[in-house]
Q: 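Can you read through this structure? Questions will come right after.
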Amino acid sequence: MEIEKTYAPENFENEIYQKWEQQGCFKPSYDSAKEAFSIALPPPNVTGSLHMGHAFQQTIMDTLIRYHRMKGDNTLWQCGTDHAGIATQMVVERKLLKEENKTRHDFGREAFIDRVWKWKEESGGNITKQMRRLGTSVDWSRERFTMDEGLSRAVLEVFVKLYDEDLIYRGKRLVNWDPKLRTAISDLEVENRDVKGFMWYIKYMLADGIKTADGKDYVLVATTRPETLLGDAAVAVNPQDPRYKDVIGKEVILPLVGRRIPVVADIHADMETGTGCVKITPAHDFNDYAVGKRHQLPMLNILTEDARIRDEAEVFDTNGEITDKISGYIPEAYRGLERFAARDRMVEDLKANGLLDRIEDHQLSQPFGDRGGVPIEPMLTDQWYVRASVLGKPALEAVKDGRIRFVPASYANMYYAWMNDLQDWCISRQLWWGHRIPAWYDEKGNIYVAHNEDEVYSKYHLDRSVKLERDPDVLDTWFSSSLWTFSTLGWPDDTVELKMFHPTSILVTGFDIIFFWVARMIMMTMHFMKNPDGTPQVPFKTVYVTGLIRDEEGNKMSKSKGNVLDPLDMIDGIDKDSLISKRTANMMQPQMAEKIKKRTAKQFPSGINAHGTDALRFTLCALASNGRDINWDMKRLEGYRNFCNKIWNASRFVLMNTGEITLAKPLRDNLSLADRYILSKLKESIENVTSSIQSYRFDQVANYIYDFIWNEYCDWYLEFTKAILNSENVSNAKKAATSYTLVEVLEAIMRMAHPVMPFLTETIWQKTAPIIGKMNDSGTIINAAYPQASEWEKDIKAEEEINFIKEFVTVVRNLRAEMKIVPSTVIAPIFRGASDLEEECIRKNFSFVKNLTNIESVNFVKAGTELPMCASKPLRSAEVLVAMKDFINKEDEIKRLTAMMEKIKANIRSAEAKLHNEAFVSKAPAKIIEGARAQLQLNETQLEKVEQQLKELEKME
RNA sequence: GGAUGCUUAGCUCAGUUUGGUUAGAGCAUCUGCCUUACAAGCAGAGGGUCACAGGUUCGAGUCCUGUAGCAUCCACCA
């Protein structure tokens, strides 16, 4: 059998994947008689690259997909990529600026979009290449892109329908504005960061000689954003506040501007906080916006798109209509200043005018745009919104009543919390890369929504002379991805795939996008997809939520921290220098590079070794417990690489012993005890692994596979078979039976483990399946049947007998180790006081025992037989002894026995305490009491033996 | 401020839903072995008052209450 000595995955993984893909192994069977199983891959950013989170989630999905495919299900894994609006546009803009020193405006909209498409063509293959390396068995023939024709059609359809149903509207509202990217972003894209700042206390002089209760001619306003006072529309105090009761309804003079603004009473002003008196800037603060609405205040927008002070404020009435009732005057000194420069300047001026009472340090959490990285600015703009509050209701119900199940269930709470208080979703973005909003405006600003411009004329019965202009904005990326499960299956057409594979079976994703994506997918899908009976269809029945993969110390992996691990590097390895240059390339803060270099060199002094895809996947599975974050552990990966090597070598052993001849299924009578035992354990393992997959416990899947292969098949069974195969006293028929069983179990193990470790199992399966006639027409394990426990029998007798042999072997090995008898020394242990059954078991299976302990014989003697100086160890209610004369000294042995005795005595005490407890005996279930009794009895027998042994020992010289 | 999760061996984690013999795994450590599949290995060993304090129970790592620390999410922050 030609199979190399060491596991070298790089020799076969790529080749196998290519063969699978060429053969079309990943396509569904489209057999409607079979159960359907489908997963929609969360579409990665088209120009991105694979990170640990992808590797983790795709491993889980692939494991499920391969399992169901092997079960014979009609299995679809729908894949594709996302255009990732902001992220992609930013990358391309940065690239163009760096390489050609041009902005997108230099190109113009169309030319710029062309460049983005070009970039997508160039780099879009990266992530799919990496997915292939990971063994991801998606149906590549159905690969989609969120901006391809079909999906764009779905987006258009959804937008128009929702608009016609009044579930999408356009409105002037306060939005989160990113002044760097110059676009609106949704609430979710805002990240609050704690920053050190200041609180400025500013005097607003009272007009008309009014005074406060304590006789001051001003009110003191505390603010963290002094520059926004240019847009103040009022000052608010609490209606209950005695300090200000006299000034309510009066006016103050806006510092630096001179405009008169009212003092209003509003509960928003908290008497306990600050000075109890708060400035109201409706166009630049969300709370103030609400206060403004309540008091019909005007809204003054003082900022430009890039957050500079305007020359004159835009003034709107409380309904958002432009008004000239209020002056939008802004002092010349501040015009055109960037927002923070304006702040400094204004604070100086306030100080000079004696209007600044004091400045205090203040800890505040400031909103930042998660993409642009600069503080966001609440801005009054026209944007498009989805009435999430309406769509959210059925979406909430679907999870509450169990049509959609979260795994782990605790994530449902997070979902409820958000869905219960759902804000309308701002879907327009002032970008160029994305789905352009299908809305047109005439010269009067009337809105027309349709699939295209032609349709606008017919739909709205417009005369062709009406000039239309299309809305320049594009849709939030998540708008198109919220349609992902059905748009990829051909909606709005009524396709076979939709009928067959929707709802999808399970969604595997990170908790960080439950709101961004999962919730919105549920909302959109339930609105547009209906079951035959008209009830809303959910996008998936189960949501499996994964945790984050962090580094060894529990830090998030991020480019800026320089602690990112690339899954491909763990598969194929990387040398130290390449790793360092990879981690320090294109740093946003170049000063960090040196630090990262040092740390990387320290942590990976010789780079990262290649471990192969299977080891990586196995590790990811083993770590996948309960949706918790995972601290990545290189050692664990190494351990499982070793496991792959173990499987490899066990296979070598099997194949060396069987050759490439085919073997016939043996008669049951010819099976050895060991054969029957391992087949029985195989059955148990398949049961365990199968039920673990079904309950999404991938850590258990990995553990059961590991435990069976290493601790049963390799450590015990393979060793037993050596005694059979190398013996001259065993018939050829029986040897053949054992050879067959060796292959039979190995072949089944390969199928059992294939969903987790596809490449290694395919390789070994190719060699083993033909031997026992299990090769299939397609010639790949992908289409082999998943092993079923019912194919094998439980053999309790064989298990019990082998268990006793194992115990005996372990006791002898223990004695050896404790006596420091080297393995090469042949010994002849004595088995004193064994039952007839026990004696027979050891006699009958002496060849097994001999092989595993290097003994020449076992001497059986009756209980109580006096023996020369021996070391002993209890075995059930008997004992195993080794003549000790050459091996040990008396004191050591006494010490050892005394320690053992103490242990036994402690056991006896605990059992006795229980059994003497009236309450325990009367209340505990019979089974437990029986157990305690048995424990007591066994320990008493053993104590007797040990005591006797001690006595004998002490007598001797 | 609200919510959730976590705290178990030196490290990384299972086990807690449904209470029941002596709490498990991998890695690391120690001892002895190159035994014809595997030194990426084999055989053994040591190591845990299950965060803390109460309670319920015959019995608590597991259930209840409280405390502390850590983490995350949401809200607010004049």
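Numbers restart at 1 for each chain; the letters A, B, ... are given by sequence-line order, proteins then strands.
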Q: Is there a donor-acceptor contact under 3.5 Å from the side chain of A/Arg816 to the main chain of A/Asn854?
A: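 At least one qualifying donor-acceptor pair exists.
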Q: For A/Lys722 and B/A37, is the shortest distance between a side-chain N/O and OP1 or OP2 below 4.0 Å?
A: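 So the side chain of A/Lys722 is within the cut-off, an N or O lying under 4.0 Å from OP1 or OP2 of B/A37.
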Q: Please determine, for the side chain of A/Ser910, which listed nucleotide (B/G26, B/U22, B/A37) has the closest atom?
A: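 Taking heavy atoms from C-beta onward, the closest nucleotide is B/U22.
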Q: Under 3.5 Å, which N/O atoms of the protein pair with N/O atoms of nucleotides 41-46 of chain B?
A:
residue	atom	partner	partner atom	Å
B/G41	OP1	A/Asn642	ND2	3.0
B/G41	O3'	A/Lys646	NZ	3.2
B/C42	OP1	A/Lys646	NZ	2.7
B/C42	OP1	A/Trp710	NE1	2.7
B/A43	O3'	A/Arg813	NH1	3.3
B/G44	O3'	A/Asn814	OD1	3.0
B/A45	OP1	A/Asn814	OD1	3.1

Q: Quick test: give all pairs of protein nitrogen or oxygen and nucleotides 10-14 of chain B nitrogen or oxygen below 3.5 Å, distance rounded to 0.1 Å.
A:
residue	atom	partner	partner atom	Å
B/A14	OP1	A/Ser625	OG	2.9
B/A14	OP2	A/Arg628	NH1	3.0
B/A14	O5'	A/Ser625	OG	3.3
B/A14	O3'	A/Arg697	NH2	3.4

Q: I want to confirm an ordering. Mapping A/Met271 and A/Ile928 to their closest nucleotides on RNA chain B, which one lands closer to the 5' end?
A: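 Residue closer to the 5' terminus by nearest nucleotide: A/Ile928.
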Q: Taking the side chain of A/Lys635 as its heavy atoms from C-beta onward, which of B/C73, B/C38, B/C27 lies nearest to it?
A: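 Out of B/C73, B/C38, B/C27, the nucleotide with an atom closest to A/Lys635's side chain is B/C27.
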Q: Nearest to the A/Pro823 side chain among B/A40, B/C33, B/U21, which nucleotide is it?
A: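 Out of B/A40, B/C33, B/U21, the nucleotide with an atom closest to A/Pro823's side chain is B/C33.
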Q: Are there runs of at least three consecutive Watson-Crick or G-U pairs touching RNA chain B, with each pair's two distances under 3.5 angstrom? Give them by first number.
A: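 Stems found: B:1-7 with B:68-74, B:10-13 with B:24-27, B:29-33 with B:41-45, B:51-55 with B:63-67.
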Q: Go nucleotide by nucleotide along RNA chain B from the 5' end; which of A/Val278 and A/Thr6 gets its closest nucleotide reached first?
A: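 Nearer the 5' end of the strand: A/Thr6.
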Q: Which nucleotide wins on minimum distance to the side chain of A/Thr223, given the candidates B/C38, B/A78, B/U22?
A: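 Per side-chain heavy atoms of A/Thr223, the pick is B/A78.
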Q: Report the residues that fulfil side-chain hydrogen bond (donor to acceptor under 3.5 Å, both in side chains) with A/Gln935, sequence neighbours left out, ordered by chain and then residue number.
A: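 With sequence neighbours excluded, A/Gln935 shows a side-chain hydrogen bond (donor to acceptor under 3.5 Å, both in side chains) to no residue whatsoever.
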Q: Would you list the protein and nucleotides 56-63 of chain B atom pairs, both N or O, that sit under 3.5 Å from each other?
A:
residue	atom	partner	partner atom	Å
B/C58	OP1	A/Lys923	NZ	2.2
B/C58	O2'	A/Asn917	ND2	3.0

Q: Please determine if A/Arg243 and A/Asp241 form a salt bridge, counting it only when a charged side-chain N lies under 4.0 Å from a carboxylate O.
A: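 Looking at A/Arg243 and A/Asp241, the cut-off is met.
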Q: Which nucleotide, B/A40, B/A78, B/U22, lies nearest any side-chain atom of A/Met199?
A: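 In terms of side-chain proximity for A/Met199, the closest of B/A40, B/A78, B/U22 is B/A78.
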Q: Only counting residues at least two apart or in another chain, list the ones meeting side-chain hydrogen bond (donor to acceptor under 3.5 Å, both in side chains) with A/Asp187.
A: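 With sequence neighbours excluded, A/Asp187 shows a side-chain hydrogen bond (donor to acceptor under 3.5 Å, both in side chains) to A/Asn176, given in chain and number order.
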Q: With sugar-phosphate meaning primed atoms plus P, OP1 and OP2, does A/Ala417 contact a base, only sugar-phosphate, or nothing at under 4.0 Å between heavy atoms?
A: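 The residue A/Ala417 makes no contact with any strand.
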Q: What about A/Glu719: does its side chain form a donor-acceptor pair under 3.5 Å with the base of B/A37?
A: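 Check passes, donor-acceptor contact within cut-off.
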Q: Please work out whether the ring planes of A/Tyr706 and A/Tyr640 are parallel, tilted or perpendicular, with thresholds of 30° and 60°.
A: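 The rings of A/Tyr706 and A/Tyr640 stand perpendicular, inter-plane angle above 60°.
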Q: With sugar-phosphate meaning primed atoms plus P, OP1 and OP2, does A/Ser410 contact a base, only sugar-phosphate, or nothing at under 4.0 Å between heavy atoms?
A: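 Nothing: the residue A/Ser410, judged by heavy atoms under 4.0 Å, touches no strand.
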Q: Between A/Phe720 and A/Trp716, how do the two ring planes meet: parallel, tilted or perpendicular, split at 30° and 60°?
A: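 Aromatic pair A/Phe720/A/Trp716 classed tilted.
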